[in-house]
Amino acid sequence: MLSYNKAWDTRPVRYGAHQGPRDHSVGELVPAEPGAITSDVEETLSIRFVSGRVMQVAPGQQWVTQRRRGRQAWEWKRSDALVAGDRIPLSLTAGRFGRQGTSDEGYFVGAMLGDGGMTSCTPEFHGDPGDGAVSFMRAFAAKHGCEVREIPQGSIVRLRFPYLSGPRNPLTQFLRRFGVWGQSCAEKHLPDEPFSRSFWVGCVSGLVDTDGHVRERRNPKGTVHGSVEYATVSPLLARQVADALLRFGVTSRHRVVERRSEEAHWVNGYRIKARRPLNVLEVSRATALVRLADLLRLRIGYKATSLEGIAHAVGHVEPARSDMHGYDESVALDRVASIEPAGRKRVFSFAVGPASLFIVNGLVTGAS
């Protein structure tokens with residue numbers, strides 16, 4: 001498991017002279033073997049975080065949290081003492097990338113997951129014929145020996161990529177290789193493979209170009225704020241994108257939007273009574289937006305221009321790293337959204353030194 005190479009300064013906050021300086025560093029992540037493992041059957045709690053992560057833990061599981069009042073130093077809390085709004089550290093350096101895939105391959109897979117058709121005999125893509133995403137798809141198909149047939153459909157164009165010769169379409173084989181061919185909308189996801197950093201950069205860029213939105217806002221004082229949002233009906237794909245962003249050091253918020261129709265309607269001959277919930281990832285913190293703007297390569301012009309403008313407007317905001325915050329740039333803070341009973345289940349306790357902390361699902365939790 002992953003742990004830290006030093007104990008965090010979690011001394012109780014005391015005021016007055018002779019208290020000594022507080023250490024605000026968190027150390028480095030290192031591989032560690034648990035010194036002891038015990039198990040038991042207990043009543044458990046299901047903790048949901050703002051990032052969308054859900055963990056089931058024993059009531060006595062320890063967490064190192066950040067104080068919400070006064071001097072915002074670290075303190076220990078049990079799971080049954082946590083309340084909504086408590087801040088839990090989340091590692092920005094726990095993720096590791098593999099070597100599979102290039103940036104162009106990632107963009108093609110991401111764009112096809114967004115606005116592509118991958119359930120018929122021939123791959124298809126729908127987009128504005130004048131933007132960079134369609135231009136990229138034309139060039140990518142030609143590079144792999146596929147013909148590009150364009151069928152106008154109002155303001156967008158439907159691109160079909162039949163193979164010029166031979167029994168197998170190379171783009172279909174390409175999508176099969178990356179495990180996304182034939183997936184329905186609610187089941188879209190990427191396989192659990194060690195994709196490279198450049199592949200994930202391209203994939204997230206393709207997803208934002210197709211199913212994303214760059215939004216600029218101004219408050220009554222004229223201050224510029226902004227956000228980058230990505231929406232999908234696939235909860236698994238939303239979690240995968242959120243984890244990829246986290247490995248880049250970009251924190252996001254995951255929310256679910258229920259979309260139910262009042263009346264049934266017909267779409268392509270099918271009677272629709274309700275629409276699937278929409279999973280929305282939102283990046284809105286200033287430092288996260290700046291990191292994301294430096295990371296992504298958006299090919300749709302107005303989105304790229306908007307993101308560049310927002311990043312320039314909020315670029316003066318420094319990361320939250322000060323004496324009153326008590327954490328460094330390798331750690332962000334997730335927040336508890338809700339805590340609910342989860343029934344009796346078998347739980348495991350670990351002992352890990354020297355920090356008595358380890359990483360689970362990106363979150364920092366305490367060892368027994």
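For clarity, every value in this text was computed on a predicted model and none was experimentally measured. Side chains are part of it too, since the values below use all heavy atoms of this structure and drop only hydrogens, waters and symmetry mates.
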Donor-acceptor contacts, no H, no angles, side chain residues 193-201, under 3.5 Å, sequence neighbours left out:
| unit_1 | atom_1 | unit_2 | atom_2 | d |
| --- | --- | --- | --- | --- |
| S196 | OG | Q100 | O | 3.3 |
| S196 | OG | G101 | O | 2.6 |
| S196 | OG | S198 | OG | 3.2 |
| S196 | OG | F199 | N | 3.1 |

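- The residues R255 and E282 are annotated as salt-bridged, a charged nitrogen and a carboxylate oxygen being separated by less than 4.0 angstrom.
- Atom NE2 of H312 sits in a sparse spot, with 12 or fewer heavy atoms from other residues, nucleotides or ligands closer than 6.0 Å.
- Side-chain N/O atoms of W181 and T172 include no donor and acceptor closer than 3.5 Å.
- Residues meeting the ring-ring contact (aromatic ring centres under 6.0 Å, His included) test with F248, sequence neighbours left out: F97.
- With 3.5 Å as the limit, one finds a donor-acceptor pair spanning the side chains of Q61 and T365.
- Checked for salt-bridge contact, R138 and E150 meet the test: a charged N lies under 4.0 Å from a carboxylate O.
- Proximity of a side-chain donor or acceptor of Q240 to a complementary backbone N or O of L190 within less than 3.5 Å is detected.
- With no hydrogens or angles considered, a side-chain donor-acceptor pair links S184 and E187 at under 3.5 Å.
- Side-chain contact check for S234 and R276: no donor-acceptor pair (N or O, by modelled atom type) lies under 3.5 Å.
- Judged purely by atom type and a 3.5 angstrom limit, N361 has no side-chain atom pairing as donor or acceptor with the backbone of L363.
- Within 6.0 Å of the CZ atom in R297, the count of heavy atoms belonging to other residues, nucleotides or ligands does not exceed 12.
- In this structure, R177 pairs ionically with E105, as a charged nitrogen and a carboxylate oxygen lie closer than 4.0 Å.
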Where do W76 and T10 land on the side chain to side chain donor-acceptor pair (under 3.5 Å) test, with the steps shown first? CA-CA 7 Å; W76 288 97; T10 56; 3.1 Å; yes
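- Note: F140 and F108 have parallel aromatic rings, judged against thresholds of 30 and 60 degrees for the angle between ring planes.
- Using a cutoff of 4.0 Å between basic side-chain nitrogens and carboxylate oxygens, D104 and R299 are scored as salt-bridged.
- No donor-acceptor pair closer than 3.5 Å links the side chain of S306 to the backbone N or O of K303.
- Using a 4.5 Å heavy-atom threshold, the side chains of M118 and M112 count as touching.
- Judged by distance alone, with hydrogens and angles left aside, the side-chain atoms of N5 form a donor-acceptor pair with the main-chain N or O of E28 at under 3.5 Å.
- When side chains are defined from C-beta on, V364 does not count as touching V331, because their heavy atoms never get closer than 4.5 Å.
- Between S3 and L29 the shortest side-chain heavy-atom distance does not fall below 4.5 Å.
- Salt bridge E124/R160: present, at least one basic N to carboxylate O contact under 4.0 Å.
- Remark: D86 engages K77 in a salt bridge, criterion side-chain N to carboxylate O under 4.0 Å.
- Other members of the cluster containing Y302 are I300, with ILVMFWY side chains joined at under 4.5 Å, either directly or via other members.
- A donor-acceptor pair under 3.5 Å is absent between the side-chain atoms of Q66 and the main chain of I88, judged by distance alone.
- At most 12 non-hydrogen atoms from other residues, nucleotides or ligands lie less than 6.0 angstrom from CG of D192.
- A salt bridge links R53 and D243; the closest N-O separation between the charged side-chain nitrogens and carboxylate oxygens is under 4.0 Å.
- Using modelled atom types, no side-chain atom of R215 and backbone atom of V228 make a donor-acceptor pair closer than 3.5 Å.
- No more than 12 heavy atoms of other residues, nucleotides or ligands lie within 6.0 Å of CD in E308, so this atom counts as exposed by the packing criterion.
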